[in-house]
K.L.:
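There's a structure below that I have some questions on.
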Amino acid sequence: MPRPILVTSALPYANGPIHLGHLAGAYLPADFFVRYLRLKGEDVVFVCGSDEMGVAIEVRARKEGRTPQDVIDAFHAVIEGGLRAAGMSFDVYGRTSAPIHKATTTEFFRTIATDPAEAIRNDQGAFRLGTSEQLFDPEAGVFLADRFVVGTCPVCGNPNAYGDQCERCGSTLSPAELIDPRSALTSATPIRKETTHWMLPLGDVQPLLEGWLRGDRDGLNRFEAWKPNVTGQIRSWLEAGLRDRAITRDIAWGIPVPEDLAEAAGVDASGKVIYVWFDAPIGYVSNTKAWAEAQGDPERWTRYWRTHHEDGTAKTGDDAPRLVHFIGKDNIVFHGLVFPAMLMLTGGYVLPEAVPANEFLNLEGEKFSTSRGHAIWLHDFLERFPADTLRYALGTMLPETKDADFNLSEFQGRVNGDLADVLGNFVHRALTFTHSKFGGAVPAPGELSTEAKAVLDAIAAAPERIGALYASYRFRDALYETIDLARTGNKFFNDAAPWHQIKTDVQAAQTTLYVSLQLCASLSILLEPIVPDAAARLRRMLNLAPMRSSMPAANLSGDLLGWDDAARPLLPPGHALGAPEVLFQKLDDAVIQAERDRLAAPTTPADDSTAPQVQTVPDVPVYEPVAEAETPGFAPLADTIVYDDFAKIDLRAGKIVVAERIPKADKLLRLEIDLGFETRQILSGIAEHFTPDEVLGRTVVIVANLAPRKMRGLESAGMILMAEGRDGKLRFVETDAEPGATVQ
RNA sequence: GGACCCGUAGCUCAGUGGUUAGAGCAGGGGACUCAUAAUCUCUUGGUCGCAGGUUCAAACCCUGCCGGGUCUACCA
C-alpha cells in the first residue's frame, strides 16, 4: 500500500459564488495534482467543502431577511455545482455546518483546553482567557461583532460603513473609528462592555512552530522547500512575533463553546461561539471523517491524519501520512502557522508537508471586483464553455510565482491554438489517415527511422519527466510539456509526410502512423489530469484498454493502464481504432466578443464578496451590503430629519492655508483652515485622493461645530465636506464665499 | 511606517552567477496539402525597471531609487 496523502483545497466561504480567480488559486492546481497521483496509483484523498460559519453569513442573512441556513444552503449548492462542473475530483465536498464538524471542532477545542499535547499550560489548558471591552447593544442585549456596527466612514463619509471596513472606499476600520456608530440590529448606540474570550497562545507556540518549519520533526526544512512567496510571509510574521488571538466570539452563528468548559472557567457561555477561523480548517479533518463514514469505514480518516497507530507507536515509512494544502496567498498565515499550531496542541496530527499557495489572478489586467461587476463566475462561465477548455487555459496561466492575468484573447488563443490546432489536429490527422489508408487498424511498423526512434524515446521519457513537474507543483510547466508532445508529433508527421511515403514505400508510411498513434495513446493518458473529458474521448477513439480512473474510488486493480504505462507503445499492430471525431471545437471570435460584452455590462446576479480570492478562514470577512451589489448606484437616501436637526450643524466656508501629510499615516492629511475669525486644525482622511498641493488654497465647506477628536495624537476640530460620486472618487464642496461665511 | 513578492521580446510568461538571455502567441518570409484554412520551417524583435557596487564573470548577489501587488502597523 502506498503512502497515504491527503490533499486539501481552501474551503470556499459560503457567502457568495466563486470565480475564476478562486479556481486558479486553490482548486485547479490541486485537482491536477490529485488526478496525477491517482493515475500513479497513490493513495490520495482530496478534501474540500464549504466554510459555513461566521458573522459574515449572519449579516448577510439578516440583511436579506433569511436564515443563515438558507444562505449557506444556497451558496453551498452553487459553489459545489461550479467546482464539480469544472471537474474538481474531490473525494468529499463537505460542509462545516455538518454535525460531525461541530463534534470534531468541539473535540479540538476541548483537547487544547483540557489536555494539550505540548507542554504549554495556561489557565485553560493551552488556551488562556482574555478580557476586553467590546461594543454591546443595550437594546438587543448582545455583543456586536465589528460587522454589526455601522456608522459614517471617517475616511470617505460613507454613512453605511461597517465596523471593520468601509466598502465604499476600502478603508480598514475599527468600530471605534466610525462616526455616530449604531447597532445594525436595533440602531441603538453601542456601549462598551467587558467580555471574556479564549485566546490561542500563538506566542507560546512560536518556538515549536519555528522548530517544525526548520525540520526538527521530519527533516524537511520548509523555509527552503516552500515557495518564496509563502516563506516570505511566514518569516515576516515570525519576526514580528506571533500574538495570541481570540478564538471565540460573541455572535450567534457558530459552534458553541462547550458549556462545561465555560462553567469551569467561570465564564458565561451563552452567545459565545468558536471563531470561524478556528473551526474552518478543522473542516479538513471533519470532512475526511465524513468521507470515511461514507466509505463504510469510519476510522479510515485516521490513516491520513494521525501520526501514530492505535497502539501508540509512531507511523513510519509507507504508513506515515502526508498533508498538502492548496490555498490562495491570502491564507498563508493560517495554513503555515495557525492551523499547524492548532494541530500541534491537539496532538497526534500530521503537519503539512507543502503549502503551495498561489498568487492572485487578475482579469483583463484588473483585479477581480464584485462590486464593479468585474468578475467571471465559475458556474456561469461553465454554462457556455466546456470545462476542459477552462482547465487547460487557466492551467497555463496559473499565478504560481506572481500575480497572473486571465484575459479572453489569451483564453481563445490557448483553446484554438493549443488544444484545437496543435493537439486536436494532430490526433485527428493521425486517425483519419489511418482510417482512409489502412482501414482503421494500427499498421505494423517497419524499420524505425532515426526520427521514429526519437519519438518513441520521447514517449518513453514523458511520464517520468512530466510526473516530476506535477510532483513539484509546477503545473504550468507540466501542461506545456504535455502539449509539446503533440507538437513533436506534428513535426514528425510533417517531416515523414506519410501521404508521400505511401506512394513510394508503404512500410515507411506504416511506421510513421504506428509511431504517431502510439503518441496519441500516450497522450490520452498524460492528458487525463488536464482535460479529463477530452482524454476519455481520445481513448474511446483509440479503442484503448481500460485505464485507472483519475476520479475518486479509483479501481486499483493491477491490470488497468496507469500513468507509467504512457511510456510504452500501447496499441499493438492490427488493433482496431474507433471513429475519429473532433477533439476540441474552436472558439469563434463572436463567442469571445460576447463574453467581453458580458464583462463590460455585467448582468450576472452579482453577489458581494469583494477582495479575497480564496475566502476560506477569513480573518476579516469581506463583503458589502446587497443594496450596492448589483451595480455601483447612488447611495440610498437617508432618513428624513426635521429642520432643527439640520440647524444644529454649523457649516462654514474655510480656506485651506496649510496642508501636509502626517508621517506614518497613509490616509490622513493635516489641514489648517482659515475661518476668518480663527484658524483651526482639521485632520482629513483624504490623503489617498489628494496631494497636499492639490488642496492648498481652496475654500471649502466645513462642519465647524463637530466635537473635536484626536487622531494620531493630533486634534481634529471639524470635518471637510466632500462629495462622493458613484465611482468612489471624492470632490470638494467649494465656494467662493469669504472664509468664515455661514453655509445654510 | 514596516515586511514580503514581482518588474525579462508587441502580449502572456520561463530563466537565482558561467558560451551569443529563452518559450508560446502575435508580426514577416518559405514549405506542405494527410488533417479542424490545420501543420512544419526560417525569421524580425530585448539598455533583463533605473543608478551604483561586489566579481575574472551579474537578469541572477549587495545598496539606493522608481513602478505594480500583498500582508501588516500606527490612527485606538
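Side chains are part of it too, since the values below use all heavy atoms of this structure and drop only hydrogens, waters and symmetry mates. Convention: sequence-line order gives letters A, B, ...; per-chain numbering from 1. For clarity, every value in this text was computed on a predicted model and none was experimentally measured.
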K.L.:
My understanding is that a pair needs two contacts under 3.5 Å, Watson-Crick or G-U wobble. By that rule, which nucleotide pairs with B:C4?
P.N.:
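Pairing partner: B:G69.
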K.L.:
Can you measure A:Phe411 atom CZ to B:C11 atom C1' for me and round it to whole angstrom units?
P.N.:
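Checked: the CZ to C1' distance equals 18 Å.
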K.L.:
Kindly indicate, with the supporting measurements, whether the criterion side chain to side chain donor-acceptor pair (under 3.5 Å) is fulfilled by A:Arg596 and A:Ser409.
P.N.:
CA-CA 10 Å; A:Arg596 272 198 203 98; A:Ser409 341; 3.2 Å; yes
K.L.:
Within the structure provided, determine whether A:Leu469 and A:Leu479 are in side-chain contact (heavy-atom separation under 4.5 Å).
P.N.:
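They are not in side-chain contact.
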K.L.:
Using the six-membered ring wherever Trp is involved, compare the ring planes of A:Phe411 and A:Phe406 and label them parallel, tilted or perpendicular (cut-offs 30° and 60°).
P.N.:
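Ring orientation of A:Phe411 relative to A:Phe406: tilted.
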K.L.:
Distance check, P atoms only: B:G29 and B:G45, in whole angstrom units.
P.N.:
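To the nearest whole Å, 16 Å.
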K.L.:
Look through every strand shown and name the nucleotide pairing with B:U39 as Watson-Crick or G-U wobble, where both distances are under 3.5 Å.
P.N.:
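Across all strands, the one nucleotide that pairs with B:U39 is B:A31.
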K.L.:
If you check the A:Phe433 side chain, which of B:U36, B:C34, B:G24 turns out closest?
P.N.:
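So the side chain of A:Phe433 is nearest to B:C34.
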K.L.:
Taking the six-membered ring for Trp and the full ring for Phe, Tyr or His, determine whether the centres of A:Phe584 and A:Tyr392 are under 6.0 Å apart.
P.N.:
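Ring centres of A:Tyr392 and A:Phe584 not closer than 6.0 Å.
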K.L.:
If we take the C1' atom in both B:U20 and B:A58, what is their distance in whole Å?
P.N.:
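Straight-line distance between the two C1' atoms is 16 Å.
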K.L.:
Go through residues 496-520 of chain A and report each residue with a non-hydrogen atom lying under 4.0 Å from RNA chain B, sorted by number.
P.N.:
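The stretch gives A:Trp499, A:His500 as the residues lying under 4.0 Å from the strand, ordered by number.
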K.L.:
Contact class for A:Gly424 vs. all strands (heavy atom < 4.0 Å): base, sugar-phosphate, or nothing?
P.N.:
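The answer is base, as A:Gly424 lies within the cut-off (heavy atoms under 4.0 Å) of a base atom.
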K.L.:
I want to check one thing: is the phosphate of B:A38, taken as OP1 and OP2, less than 4.0 Å away from some side-chain N or O of A:Lys586?
P.N.:
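So the side chain of A:Lys586 is within the cut-off, an N or O lying under 4.0 Å from OP1 or OP2 of B:A38.
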K.L.:
Flag the pair A:Phe492 / A:Ser516 as yes when at least one side-chain heavy-atom distance between them is below 4.5 Å, and no otherwise.
P.N.:
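With C-beta onward as the side chain, the pair touches.
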K.L.:
Between atom CD1 in A:Ile332 and atom P in B:G69, what is the gap in whole Å?
P.N.:
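Roughly 18 Å, once rounded to whole Å.
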K.L.:
Would you kindly compare A:Asn490 and A:Leu398 by the position of their nearest RNA chain B nucleotide and give the one closer to the 5′ end?
P.N.:
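Looking at RNA chain B, the more 5' nearest nucleotide goes with A:Leu398.
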K.L.:
In whole angstroms, how far is the P atom of B:A37 from the CZ atom of A:Arg429?
P.N.:
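Computing the A:Arg429:CZ to B:A37:P distance gives 12 Å.
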K.L.:
Specify the separation, in whole Å, of atom CG of A:Leu419 and atom P of B:A35.
P.N.:
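After rounding, the reported distance stands at 22 Å.
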K.L.:
The side chain of A:Lys329 is closest to which nucleotide in this list: B:C25, B:U39, B:G69?
P.N.:
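Looking only at side-chain atoms, A:Lys329 lies closest to B:G69.
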K.L.:
Is there a side-chain contact between A:Met541 and A:Leu583, using heavy atoms and a 4.5 Å cut-off?
P.N.:
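SC-SC contact between A:Met541 and A:Leu583 confirmed.
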K.L.:
Of all the heavy-atom pairs spanning A:Leu571 and A:Leu517, show the shortest one and how long it is.
P.N.:
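Closest heavy-atom pair between A:Leu571 and A:Leu517: CD1-O, 3.5 Å.
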K.L.:
Rounding to a whole Å, what distance do you find between A:Phe426:CZ and B:U36:P?
P.N.:
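After rounding, the gap between these two atoms is 15 Å.
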K.L.:
When the ring planes of A:Phe438 and A:Phe433 are compared, do they come out parallel, tilted or perpendicular, using 30° and 60° as the limits?
P.N.:
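Answer is tilted, since the angle falls between 30° and 60°.
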K.L.:
Nearest heavy atom decides the nucleotide; on that basis, is A:Glu581 or A:Asp495 closer to the 5' end of RNA chain B?
P.N.:
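Closest to the 5' end, via its nearest nucleotide, is A:Glu581.
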K.L.:
Determine which nucleotide pairs with B:C48, using a 3.5 Å limit on both distances of a Watson-Crick or G-U wobble pair.
P.N.:
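B:C48 is unpaired by these criteria.
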K.L.:
At 4.0 Å (heavy atoms only), tell me whether A:Asn416 reaches a base, stays on the sugar-phosphate, or touches nothing.
P.N.:
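Contact class for A:Asn416: none.
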K.L.:
I'd like to know if A:Arg487 and A:Asp418 make a salt bridge, using a cut-off of under 4.0 Å between side-chain N and carboxylate O.
P.N.:
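Counted as a salt bridge, because a side-chain N and a carboxylate O are separated by less than 4.0 Å.
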K.L.:
Report the nucleotide, chosen from B:U41, B:C25, B:U12, that has the shortest atom-to-atom distance to any side-chain atom of A:Glu410.
P.N.:
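Of all the options, the side chain of A:Glu410 is nearest to B:U12.
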K.L.:
Establish, with yes or no, whether the OP1 or OP2 oxygen of B:C34 is under 4.0 angstrom from a side-chain nitrogen or oxygen of A:Lys437.
P.N.:
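For B:C34, neither OP1 nor OP2 has a side-chain N or O of A:Lys437 closer than 4.0 Å.
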K.L.:
When the distance from CD of A:Glu400 to P of B:A14 is rounded to whole Å, what number comes out?
P.N.:
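These atoms are roughly 8 Å apart.
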K.L.:
For the side chain of A:Trp237, starting at C-beta, report the closest nucleotide among B:C71, B:U41, B:U36.
P.N.:
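Output: B:C71.
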K.L.:
Within the structure provided, determine whether A:Val591 and A:Phe385 are in side-chain contact (heavy-atom separation under 4.5 Å).
P.N.:
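Side-chain contact under 4.5 Å: yes.
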K.L.:
Across nucleotides 2-7 of chain B, 5' to 3', mark each nucleotide with B, S or - according to how protein heavy atoms within less than 4.0 Å reach it.
P.N.:
-SSSSS
K.L.:
Look at the side chain of A:Asp418 and decide which nucleotide, out of B:U12, B:C34, B:G24, has an atom nearest to it.
P.N.:
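Ranking B:U12, B:C34, B:G24 by closest atom to the A:Asp418 side chain puts B:G24 first.
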K.L.:
With respect to the side chain of A:Asn494, which nucleotide from B:A35, B:G24, B:C40 is positioned closest?
P.N.:
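Comparing B:A35, B:G24, B:C40 against the side chain of A:Asn494, the answer is B:C40.
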K.L.:
Quick check for you: among B:U39, B:C13, B:U36, whose closest atom lies nearest to any side-chain atom of A:Asp421?
P.N.:
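When the side chain of A:Asp421 is considered, B:U39 is the closest of B:U39, B:C13, B:U36.
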K.L.:
Considering every strand and a 4.0 Å limit on heavy-atom distances, what is the contact class for A:Ala430: base, sugar-phosphate, or nothing?
P.N.:
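A:Ala430: no heavy atom of the nucleic acid under 4.0 Å.
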K.L.:
Which of residues 468-484 of chain A have a heavy atom under 4.0 Å from RNA chain B?
P.N.:
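Residues of residues 468-484 of chain A that come under 4.0 Å of RNA chain B are, in numerical order, A:Arg476, A:Tyr480.
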K.L.:
Please say whether more than 12 non-hydrogen atoms of neighbouring residues, nucleotides or ligands are located less than 6.0 Å from CZ in A:Arg474.
P.N.:
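At most 12 heavy atoms, drawn from other residues, nucleotides or ligands, come within 6.0 Å of this atom.
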K.L.:
Flag the pair A:Trp499 / A:Phe493 as yes when at least one side-chain heavy-atom distance between them is below 4.5 Å, and no otherwise.
P.N.:
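Side-chain contact under 4.5 Å: yes.
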K.L.:
Please report the distance separating the C1' of B:A14 from the corresponding atom of B:G52, rounded so that it comes out in whole Å.
P.N.:
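After rounding to an integer number of Å, I get 28 Å for this pair.
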K.L.:
Under 6.0 Å between the ring centres of A:His325 and A:Phe339?
P.N.:
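Yes, close enough.
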K.L.:
Taking only the P atom of each, what is the distance from B:G69 to B:U8 in whole angstrom?
P.N.:
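Comparing P positions in B:G69 and B:U8 gives a spacing of 15 Å.
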K.L.:
Suppose you measure atom P in B:A21 against the same atom in B:C40; what distance do you get, rounded to whole Å?
P.N.:
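Their P atoms lie roughly 27 Å apart.
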K.L.:
Any strand is fair game: report the nucleotide pairing with B:A23 by Watson-Crick or G-U wobble, both distances under 3.5 Å, or none.
P.N.:
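Here B:A23 is engaged in a pair, and the nucleotide opposite it is B:U12.
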K.L.:
Which value, in whole Å, describes the distance between the P atoms of nucleotides B:G10 and B:G46?
P.N.:
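To the nearest whole Å, 7 Å.
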K.L.:
If you measure from the P atom in B:U55 to the same atom in B:U16, how many Å do you get, rounded?
P.N.:
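My reading of the P atoms in B:U55 and B:U16 gives 24 Å.
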K.L.:
In whole angstrom, give me the gap between the P atoms of B:G30 and B:U47.
P.N.:
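Rounded to whole Å, the distance is 29 Å.
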K.L.:
Would you say A:Val355 and A:Ile234 make side-chain contact, with heavy atoms under 4.5 Å?
P.N.:
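Not in contact.
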